[in-house]
Amino acid sequence: MDPRTHGNHEHVHGQGCGHVGIRHDGHVDYLHDGHMHSVQGSGVDEHEIAATTTNPDQCRPHVCDAHAKDHVHGADCGHPAVPHAGHVDYLVQGHLHHRCDGGHCDDHGPVETR
């Protein structure tokens, strides 16, 4: 995916900025309002995690001890949103969780947080 410049971005991302950082393609992106922001010179680019063998985008049912069995991932679930392969996953203890149409949680693999 080609990064797109994120306009009108006044917040400066970096260590200690208050947003979760994710190591991605040799740099750190910061999760901010459902976006992955990468600081590039004086601009901010939008990134997403691609579907790979490490971070697949298939149905992979997962029983998670990190939250209640009836927990539903979504905009107000309390976990940071992470763009992944054309959809949104949620960061839970270093893993990408995806609310599957089958009514369960999928594990879309680990990510390295900073």
Sequence neighbours excluded, which residues qualify as salt bridge (charged side-chain N to carboxylate O under 4.0 Å, His left out) partners of Arg23? Glu112
Hydrophobic clustering (ILVMFWY, side-chain heavy atoms < 4.5 Å, transitive) - are Leu31 and Val39 grouped together? no
Qualifying side-chain hydrogen bond (donor to acceptor under 3.5 Å, both in side chains) pairs with a residue from residues 50-62, counting only residues at least two apart or across chains: none
Between His104 and Asp106, do the side chains contain an N or O donor and an N or O acceptor separated by less than 3.5 Å? yes
When rounded to the nearest 0.5 Å, the distance separating CD1 of Ile49 from NE2 of His108 is 11.5 Å
With the 4.5 Å side-chain cut-off for hydrophobic clustering, are Ile22 and Val88 part of the same group? no
Would you name the heavy atoms of Ala50 and Ala85 that are closest together and state the gap between them? C-CB, 4.5 Å
NE2/His35 to CD/Glu46 distance, rounded to the nearest 0.5 angstrom? 5.0 Å
Ring centroid separation Tyr90 to His73 under 6.0 Å: yes
For the student: nearest non-hydrogen atoms of Cys17 and Tyr30, plus distance: SG-CD2, 4.1 Å
Could you report the tightest heavy-atom contact between Cys59 and Cys100, atom names first, then the distance? SG-SG, 3.7 Å
Could you state whether Val111 and Met36 fall into the same hydrophobic cluster, counting links through intermediate Ile, Leu, Val, Met, Phe, Trp or Tyr residues with side-chain heavy atoms under 4.5 angstrom apart? yes
Once you round to the nearest 0.5 Å, how far does CG of Leu96 lie from NE2 of His79? 12.0 Å
Report yes or no: does His13 contribute a side-chain atom to a donor-acceptor pair with the main-chain N or O of Ser38 at less than 3.5 Å? no
Ring centres of His84 and His98 under 6.0 Å apart? no
Can you confirm whether or not the ring centre of His71 sits under 6.0 Å from the ring centre of His97? no
Test side-chain contact (heavy atoms from CB on, under 4.5 Å) applied to His37 and Val44, Asp45, Val28, the passing residue: Val44
